[in-house]
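Beneath this line is the structure, given in structure tokens, with notes to follow.
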Amino acid sequence: TETRPGLYTTNSFKPLIGRSYQLNIIQEGITWRAKTDVKRVPPIDSLNFEKQEDGGFEDDNESFFLTLYARETPGIGDFYKFDATLNGKRAGEIDNINIIDDKFADGLVFIPPVNFGLNEEEYKLGDTVEVRILSINADAYAFWSEIDVQINNTSGLFAQIPTNIRT
């Protein structure tokens with residue numbers, strides 16, 4: 001359904017894991033095609049909060065360090081993006097992009113940089129935290145990787161020269 005010019009939404013589409021989906025758009029005789037596979041996402045085993053004693057945030061006495069425990073599903077070819085919200089708002093700075101190619105973590109428990117990336121916020125007693133593991137495809141991984149490099153590798157002799165991000 002076109003909800004406003006150029007924006008189409010649906011409430012009935014429920015993708016199934018293991019299936020491929022293709023979107024075709026025909027405009028003025030030109031066909032645009034996008035295809036993706038829906039991949040599995042490992043379940044989150046638990047989140048652990050550990051009180052920061054020293055070396056933490058400015059006000060250590062009530063700050064907590066967040067650790068995510070989840071085991072990557074064995075089998076090379078999965079890519080993930082990790083998102084966290086704190087009290088209903090995106091946690092972390094805009095330059096905090098947590099993505100993983102499972103060729104570096106196949107079948108293992110997720111470890112830093114994921115856990116470190118979740119700790120840019122100061123967690124306090126009573127906060128509500130939501131952490132999501134998103135399955136992304138290789139193209140989305142490349143997109144987020146390029147953004148990460150452009151945002152975070154901005155100084156020094158070998159800094160990335162700003163370029164257009166491939167979409």
Side-chain angles (χ1 to χ4, degrees), residues 14-21 34-60 62-156 158-167:
K14 296 193 185 326
L16 300 174
I17 293 172
R19 300 244 352 232
S20 295
Y21 294 90
K35 181 181 178 189
T36 193
D37 301 321
V38 178
K39 298 242 182 170
R40 62 200 175 195
V41 177
I44 294 175
D45 177 69
S46 59
L47 294 174
N48 183 48
F49 292 88
E50 183 177 332
K51 189 171 182 182
Q52 290 286 72
E53 297 301 330
D54 55 350
F57 298 99
E58 292 177 21
D59 181 15
D60 288 356
E62 290 297 322
S63 297
F64 293 86
F65 184 81
L66 171 63
T67 304
L68 163 81
Y69 291 98
R71 182 173 297 279
E72 199 279 328
T73 307
I76 299 293
D78 297 312
F79 302 89
Y80 306 102
K81 184 172 184 302
F82 299 81
D83 286 335
T85 61
L86 173 61
N87 298 322
K89 295 183 181 176
R90 185 187 190 283
E93 299 295 324
I94 194 71
D95 64 349
N96 179 17
I97 299 171
N98 289 306
I99 54 175
I100 286 185
D101 175 345
D102 80 338
K103 71 181 174 184
F104 303 114
D106 187 45
L108 301 175
V109 173
F110 289 117
I111 56 173
V114 173
N115 291 337
F116 290 160
L118 298 175
N119 283 291
E120 290 190 346
E121 293 292 337
E122 188 170 357
Y123 299 104
K124 303 275 190 184
L125 287 175
D127 282 343
T128 301
V129 177
E130 178 183 353
V131 178
R132 297 184 315 154
I133 302 175
L134 307 169
S135 175
I136 59 176
N137 64 22
D139 292 330
Y141 179 82
F143 173 80
W144 285 109
S145 293
E146 288 184 27
I147 288 176
D148 187 38
V149 167
Q150 296 249 354
I151 290 174
N152 294 306
N153 188 9
T154 58
S155 64
F158 301 104
Q160 172 75 32
I161 297 171
T163 58
N164 290 332
I165 302 293
R166 291 174 288 164
T167 60

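More than 12 heavy atoms of other residues, nucleotides or ligands lie within 6.0 Å of CZ in Arg90, so this atom counts as buried by the packing criterion.
The line from CG of Leu118 to CZ of Phe65 is 8.5 Å long, rounded to the nearest 0.5 Å. Between the CD1 atom in Ile136 and the CH2 atom in Trp144 there is a gap of 8.5 Å [rounded to 0.5 Å]. In this structure, CG in Asn96 is found 8.5 Å from CG in Asp148, a value given to the nearest 0.5 Å. Atom-to-atom distance recorded for Lys81:NZ and Asn98:CG is 7.5 Å, nearest 0.5 angstrom. Taken from CG in Asp78 to CD1 in Ile100, the straight-line distance is 11.5 Å, to the nearest 0.5 Å. Atom CG of Asn87 is separated from atom OH of Tyr123 by 10.0 Å, given to the nearest 0.5 angstrom.
The heavy-atom pair separating Asp127 from Lys124 by the smallest distance is OD2-N, 2.7 Å. When every heavy atom of Ile133 is checked against every heavy atom of Ile44, the shortest pair comes out as CD1-CG1, 3.7 Å. Nearest heavy atom pair, residue Asp102 against residue Gly77, reads OD1-N, 3.0 Å. Of all heavy-atom pairs spanning Pro42 and Phe110, the tightest one is CG-CE1, 3.8 Å.
Side-chain contact check for Phe49 versus Val129: some heavy-atom pair is nearer than 4.5 Å. Put simply, the side chain of Ile17 reaches to within 4.5 Å of the side chain of Arg40, judged on heavy atoms. A 4.5 Å side-chain heavy-atom check between Thr67 and Glu50 finds every atom pair outside the cut-off. Counting heavy atoms from C-beta outward, Leu66 and Leu47 have side chains that approach closer than 4.5 Å.
The distance between the ring centers of Phe79 and Tyr141 falls below 6.0 angstrom.
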(request) Carefully, step by step, assess Asp139 and Arg166 under the rule side-chain contact (heavy atoms from CB on, under 4.5 Å). (result) CA-CA 9 Å; Asp139 292 330; Arg166 291 174 288 164; over 6 Å; no
(message) Applying side-chain contact (heavy atoms from CB on, under 4.5 Å) to Tyr21 and Leu16, what does each step give before you reach the verdict?
(response) CA-CA 10 Å; Tyr21 294 90; Leu16 300 174; 3.8 Å; yes
(request) Give the intermediate values and the outcome of side-chain contact (heavy atoms from CB on, under 4.5 Å) for residues Glu130 and Thr85. (result) CA-CA 5 Å; Glu130 178 183 353; Thr85 61; 3.2 Å; yes
When the side chains of residues 69-76 are checked against the rest of the protein, which donor-acceptor pairs come out under 3.5 Å, sequence neighbours left out?
from	atom 1	to	atom 2	distance (Å)
Arg71	NH1	Gly107	O	3.0
Glu72	OE1	Gly107	N	2.8
Glu72	OE2	Tyr80	OH	2.8

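A side-chain donor-acceptor contact under 3.5 Å links Asp101 to the backbone of Lys103.
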